[in-house]
S.K.: 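One structure, pasted below without further comment.
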Amino acid sequence: MYNKIKTRYTKPKSRKHERDVISYEDMPLDDYEQEKTDISPEAVKKIVIGICIALAAGLIVFAFANRDKLTWDNISTWWTYDVLGNAGNGYPVDIVGAEVSAGNFTVSQGHAVYTSDTSFVTLNSTGSEVANIQLRCSNPVMKSENNRFLTYGLDSKSFQINSFDENIYSGEAEGKIFAGDISANGVYCLVTEGNGYLSMLYVYNSSNNRIYKYYFSEYYMTSVSLNSDGSGCVICGFASDGGAISTGVYVLDFNKTEPVSVYKIDNDAVLDCEYLNNSRAVLVGQSASYIVKIGEQDYITSSYKDKSLANYCFNPDTNSYTLALSRSGDGRSVEINGCNDNGEIIYTVNTDYKADCISAYKGTVAILDGNTVYGYNQSGQMLYSCDTGTGSKKIVLTSDRNAYVLSVNQIRFIDLNKASSDDTARPSSKGDNK
């Protein structure tokens with residue numbers, strides 16, 4: 001009996017039982033690796049390939065959505081000045097020249113760009129000077145679209161085409177220049193005095209060859225906007241009609257000899273125009289704004305009613321525009337209206353402030369009153385107020401909480417997230433919707 005029991009309990013354990021109780025510290029390396037995972041190398045390879053395909057597809061979609069901006073010039077400039085460094089000493093940066101008008105300052109693809117009375121200048125995000133190009137004209141006016149900038153001398157014949165970092169072309173118009181514009185692909189146009197006509201429009205391709213011209217015998221043309229691919233434009237001008245002012249609006253296709261549409265707006269002077277998308281343009285007048293639907297014979301009028309125009313800005317990225325309308329004679333007590341490409345008001349913000357400048361970024365709008373910027377969301381809530389420094393002339397929002405400021409002698413950058421409590425106001429009745 002004893003021998004049977006001894007034999008039973010001294011019998012060697014099976015291999016399976018050893019696996020159930022053995023520590024991994026005592027297990028041979030081969031056995032450990034087999035226990036660690038059941039995924040085969042082929043499966044891992046397929047997973048990696050799938051992830052790579054998904055990333056590549058995402059990059060392709062991103063590139064297609066931003067194909068207009070992903071040009072060689074833009075990529076080269078980004079790599080040279082933002083990736084490799086060429087860092088400056090930060091903002092503020094003193095302006096070059098004696099004066100920069102508010103209309104000659106913009107921010108494009110992370111670059112602060114301005115035209116002073118002497119120079120065309122671009123700065124990168126660290127305040128480093130990317131370009132400093134001497135102008136050939138006096139009384140300059142700058143128009144921009146992405147990495148293309150047209151600068152012309154108002155009432156002179158001289159003009160220049162610049163990119164972020166170089167002068168591309170300098171030329172002479174056939175007459176004194178009244179207005180102009182440029183598209184992202186390098187097509188540009190000039191409105192000049194006419195030889196026997198009130199105004200003349202000349203359009204040039206990126207190789208500076210003239211591709212279109214049109215003569216105006218009834219209106220002095222003062223504002224023009226090219227569509228995104230430079231294949232057409234909307235152009236506005238004024239005339240005296242029986243002692244009253246009227247505005248003429250032409251929609252032109254550069255592949256056609258006759259205008260697509262011609263409109264007459266009585267008793268109002270259109271100050272500016274801009275494409276919100278390729279099918280609709282907005283006209284900002286003294287007493288109303290107007291939406292022109294390309295190819296349609298009627299336009300939409302949005303009256304300011306009993307208010308006066310204090311300021312405005314265009315937001316083609318969101319197919320919208322923003323108006324600051326004053327309820328008082330001194331320009332204060334501004335009502336801010338955000339409008340869509342059908343001229344409809346999508347939000348209203350009432351304030352007690354002036355709008356020396358207005359800037360909008362997606363769901364945020366800011367106005368500059370003297371040396372203070374006030375920011376609001378579309379519900380009318382004041383998000384912040386912040387001191388912008390002495391001599392502020394223009395503010396450009398580049399995000400919900402970041403802005404560049406043009407002053408009489410500097411370009412400044414403001415991080416509104418870091419505004420001190422002394423500079424930032426809490427929401428109050430002044431900032432609330434009324």
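One-based numbering along the sequence shown. Only this structure's heavy atoms are used, side chains among them; waters, hydrogens and symmetry mates stay out.
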S.K.: Per the ring pair (Phe, Tyr, Trp, His ring centres under 6.0 Å) rule, which among Tyr152, Tyr188, Phe120 passes with Phe159?
M.R.: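 Going through the options one by one, the only one that passes is Tyr188.
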
S.K.: Which residues pass the salt bridge (Lys or Arg N to Asp or Glu O under 4.0 Å) test with Glu174, not counting sequence neighbours?
M.R.: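 Glu174 satisfies salt bridge (Lys or Arg N to Asp or Glu O under 4.0 Å) with Arg210 once adjacent residues are dropped.
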
S.K.: Checking the side chain of Asn227 only, and the main-chain atoms of Asn277 only, is there a donor and an acceptor separated by less than 3.5 Å?
M.R.: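 Not at all, since once roles are kept as given, no pair shorter than 3.5 Å links the two residues.
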
S.K.: Indicate yes or no for a side-chain donor-acceptor contact from Asn205 to the backbone of Asn208 under 3.5 Å, with no hydrogens or angles considered.
M.R.: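 Yes; at least one donor-acceptor contact below 3.5 Å.
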
S.K.: Counting only N and O atoms by type, is there a donor-acceptor contact under 3.5 Å from the side chain of Ser399 to the main-chain atoms of Arg401?
M.R.: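 A pair under 3.5 Å: yes.
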
S.K.: Just say parallel, tilted or perpendicular for the rings of Tyr197 and Tyr215, cut-offs at 30° and 60°.
M.R.: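 Judged by the thresholds at 30° and 60°, the geometry between Tyr197 and Tyr215 is parallel.
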
S.K.: I want to check something: taking the side chain as every heavy atom from C-beta on, are Arg332 and Val334 in contact at a cut-off of under 4.5 Å?
M.R.: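 A side-chain contact under 4.5 Å is absent here.
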
S.K.: Look at the side chain of Lys394 and the backbone N and O of Phe105, then say whether any donor-acceptor pair between them is shorter than 3.5 Å.
M.R.: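 Judged by distance alone, yes, a pair lies under 3.5 Å.
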
S.K.: So, the side chain of Asn146 versus the backbone of Ala184: is there a donor-acceptor pair under 3.5 Å, distance only?
M.R.: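 No, because the side chain of Asn146 does not come within donor-acceptor range (under 3.5 Å) of the backbone of Ala184.
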
S.K.: Check Phe164 against Thr122 and note the closest heavy-atom contact, atom names and distance.
M.R.: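 Closest approach of Phe164 to Thr122, heavy atoms only: O-OG1, 2.6 Å.
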
S.K.: Provide the closest heavy-atom pair for Lys143 versus Ile182 in the form atom of the first, atom of the second, distance.
M.R.: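 Nearest heavy atoms, Lys143 then Ile182: O-CG2, 3.8 Å.
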
S.K.: Locate the shortest heavy-atom distance separating Ala288 from Asp268; write the atom from each residue and the value.
M.R.: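 Smallest heavy-atom distance, with atoms named: N-OD2, 3.5 Å.
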
S.K.: Can any side-chain N or O of Ser163 pair as donor or acceptor with the backbone N or O of Asn147 at less than 3.5 Å?
M.R.: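 No, the answer is negative, given that no donor and acceptor are paired below the 3.5 Å cut-off.
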
S.K.: Does Val107 form a side chain to side chain contact (heavy atoms under 4.5 Å, CB included) with Val113? I'd like the steps, not just the answer.
M.R.: CA-CA 6 Å; Val107 180; Val113 184; over 6 Å; no

S.K.: So Glu129 and Val121, do their side chains get closer than 4.5 Å, heavy atoms only?
M.R.: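 Yes, their side chains come closer than 4.5 Å.
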
S.K.: Could you check Thr364 against Tyr376 for side chain to side chain contact (heavy atoms under 4.5 Å, CB included), going step by step and ending with a plain yes or no?
M.R.: CA-CA 6 Å; Thr364 303; Tyr376 301 87; over 6 Å; no

S.K.: Does Val292 reach the side chain of Val251, with side-chain heavy atoms less than 4.5 Å apart?
M.R.: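 Heavy-atom side-chain distance check passes, below 4.5 Å.
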
S.K.: Does the side chain of Asn185 come under 3.5 Å of the side chain of Arg148 through a donor N or O and an acceptor N or O?
M.R.: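 Note: Asn185 and Arg148 side chains miss the donor-acceptor criterion.
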
S.K.: Do the ring centers of Tyr91 and Tyr404 come within less than 6.0 Å of each other?
M.R.: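 That pair passes the under 6.0 Å test.
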
S.K.: So, for Val93 and Gly90, which heavy atoms are closest and what is the spacing to 0.1 Å?
M.R.: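 Val93 and Gly90 have their closest heavy atoms at CG2-O, 3.6 Å.
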
S.K.: Pick from Ile235, Val203, Val262: which one makes a side-chain contact (heavy atoms from CB on, under 4.5 Å) with Leu252?
M.R.: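 Exactly one option meets the side-chain contact (heavy atoms from CB on, under 4.5 Å) with Leu252, and it is Ile235.
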
S.K.: Would you check, one step at a time, whether the test side chain to side chain contact (heavy atoms under 4.5 Å, CB included) holds for Ser108 with Ser144?
M.R.: CA-CA 8 Å; Ser108 180; Ser144 66; 5.7 Å; no

S.K.: Please determine whether a side-chain nitrogen of the Lys or Arg among Arg280 and Glu296 lies less than 4.0 Å from a carboxylate oxygen of the Asp or Glu.
M.R.: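 No.
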
S.K.: Looking at Tyr220, I'd like to know if its OH atom is crowded, meaning that more than 12 non-hydrogen atoms belonging to other residues, nucleotides or ligands lie closer than 6.0 Å.
M.R.: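 No, OH of Tyr220 has 12 or fewer neighbouring heavy atoms, counting only those of other groups under 6.0 Å.
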
S.K.: Give the C-alpha distance, both sets of side-chain angles, the deciding distance and a yes or no for side chain to side chain donor-acceptor pair (under 3.5 Å) between Asn371 and Thr388.
M.R.: CA-CA 5 Å; Asn371 297 323; Thr388 56; 4.8 Å; no

S.K.: How long is the gap from OG1 on Thr398 to NE2 on His111, to the nearest 0.5 Å?
M.R.: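 It comes to 13.0 Å.
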
S.K.: Kindly check if the number of other-residue, nucleotide or ligand heavy atoms within 6.0 Å of CG (Asp266) is above 12?
M.R.: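 Counting other residues, nucleotides and ligands, CG of Asp266 exceeds 12 neighbours.
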
S.K.: Between the side chains of Ser320 and Asn340, does any donor sit under 3.5 Å from an acceptor?
M.R.: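 No, Asn340 and Ser320 have no side-chain donor paired with an acceptor closer than 3.5 Å.
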
S.K.: Which value, rounded to the nearest 0.5 Å, describes the distance between Leu309 atom CG and Ser289 atom OG?
M.R.: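 Spacing of CG (Leu309) from OG (Ser289) equals 9.0 Å.
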
S.K.: Is the closest side-chain heavy-atom distance between Arg136 and Gln160 below 4.5 Å?
M.R.: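 Yes - at least one pair of side-chain heavy atoms lies under 4.5 Å apart.
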
S.K.: First locate atom OH of Tyr204, then atom CG of Asn209, and finally report the distance between them rounded to the nearest 0.5 Å.
M.R.: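 Interatomic distance, Tyr204 OH to Asn209 CG, rounded to 0.5 Å: 10.5 Å.
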
S.K.: Please check: side-chain N/O of Ser119 versus main-chain N/O of Ser116, any donor-acceptor pairing under 3.5 Å?
M.R.: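 Checked: no pair found.
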
S.K.: Tell me, with the steps shown, if Tyr321 and Phe314 meet ring-ring contact (aromatic ring centres under 6.0 Å, His included).
M.R.: CA-CA 4 Å; Tyr321 62 102; Phe314 301 121; 7.2 Å; no

S.K.: NZ/Lys307 to OG/Ser287 distance, rounded to the nearest 0.5 angstrom?
M.R.: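 It is 13.5 Å, given to the nearest 0.5 Å.
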
S.K.: Give, for atom CD1 of Ile367 and atom SG of Cys357, the distance between the pair rounded to the nearest 0.5 Å.
M.R.: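 Those atoms lie 10.0 Å apart.
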
S.K.: Is any side-chain heavy atom of Leu325 closer than 4.5 Å to a side-chain heavy atom of Ser308?
M.R.: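 Side-chain contact under 4.5 Å: no.
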
S.K.: Within a strict 4.5 Å, meaning less than it, do heavy atoms of the Glu99 and Lys393 side chains meet?
M.R.: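 Yes. Closest side-chain heavy atoms under 4.5 Å.
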
S.K.: Minimum heavy-atom separation for Val100 to Leu406, with atom names?
M.R.: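 It is O-CD2, 3.8 Å.
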
S.K.: Identify which one of Thr118, Thr115, Asn167 satisfies the side-chain contact (heavy atoms from CB on, under 4.5 Å) criterion when paired with Leu135.
M.R.: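 Checked Thr118, Thr115, Asn167 against Leu135; only one passes side-chain contact (heavy atoms from CB on, under 4.5 Å): Thr115.
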
S.K.: Checking Tyr202 side chain against Ile211 main chain: does a donor-acceptor pair fall under 3.5 Å?
M.R.: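 Absent.
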
S.K.: For the side chain of Asp352 and the backbone of Ser333, is there at least one donor-acceptor N/O pair under 3.5 Å apart?
M.R.: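 No; zero donor-acceptor contacts below 3.5 Å.
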
S.K.: Would the number of heavy atoms belonging to other residues, nucleotides or ligands and lying under 6.0 Å from CD of Glu172 be above 12?
M.R.: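 More than 12 within 6.0 Å, yes.
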
S.K.: Between Asp387 and Thr372, is a side chain to side chain donor-acceptor pair (under 3.5 Å) present by the stated rule, with each step listed?
M.R.: CA-CA 5 Å; Asp387 181 21; Thr372 304; 5.1 Å; no

S.K.: Might you work through the side chain to side chain contact (heavy atoms under 4.5 Å, CB included) test for Phe254 and Lys213, ending with a clear yes or no?
M.R.: CA-CA 8 Å; Phe254 302 149; Lys213 63 180 179 181; over 6 Å; no

S.K.: Asp306: what forms a salt bridge (Lys or Arg N to Asp or Glu O under 4.0 Å) with it, not counting sequence neighbours?
M.R.: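 Once residues adjacent in sequence are excluded, Asp306 has no partner under the salt bridge (Lys or Arg N to Asp or Glu O under 4.0 Å) criterion.
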
S.K.: Less than 4.5 Å apart, side chain to side chain, heavy atoms only: is that true for Tyr312 and Val282?
M.R.: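 Tyr312 does not reach Val282 side chain to side chain.
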
S.K.: Give a yes or no on whether the ring-centroid distance for Phe216 and Tyr250 is below 6.0 angstrom.
M.R.: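 Under 6.0 Å, so yes.
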
S.K.: Within a 6.0 Å radius of atom CG on Asp330, are there more than 12 heavy atoms belonging to other residues, nucleotides or ligands?
M.R.: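 Yes, enclosed.
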
S.K.: For the residue pair Val234 and Val249, establish whether any side-chain heavy-atom pair is separated by less than 4.5 Å.
M.R.: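 Side chain of Val234 against side chain of Val249, heavy atoms only: contact under 4.5 Å found.
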
S.K.: Check Met142 against Phe149 and note the closest heavy-atom contact, atom names and distance.
M.R.: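 So the minimum-distance heavy-atom pair works out to SD-CD2, 4.3 Å.
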
S.K.: Is there a donor-acceptor contact under 3.5 Å linking the side chains of Asn278 and Ser228?
M.R.: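 On atom types as modelled, these side chains qualify, holding a pair under 3.5 Å.
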
S.K.: Just checking, any donor-acceptor pair under 3.5 angstrom between side chains of Asn409 and Ser407?
M.R.: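 Checked: Asn409/Ser407 side chains pair up, N/O donor to acceptor below 3.5 Å.
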
S.K.: Atom CD1 in Ile358, atom CD1 in Ile395: separation rounded to 0.5 Å?
M.R.: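 Nearest 0.5 Å value for the CD1-CD1 distance: 11.0 Å.
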
S.K.: Does any N or O in the side chain of Asp369 come within less than 3.5 Å of the main-chain N or O of Lys354, such that one atom is a donor and the other an acceptor?
M.R.: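 Here the side-chain-to-backbone pair exists.
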
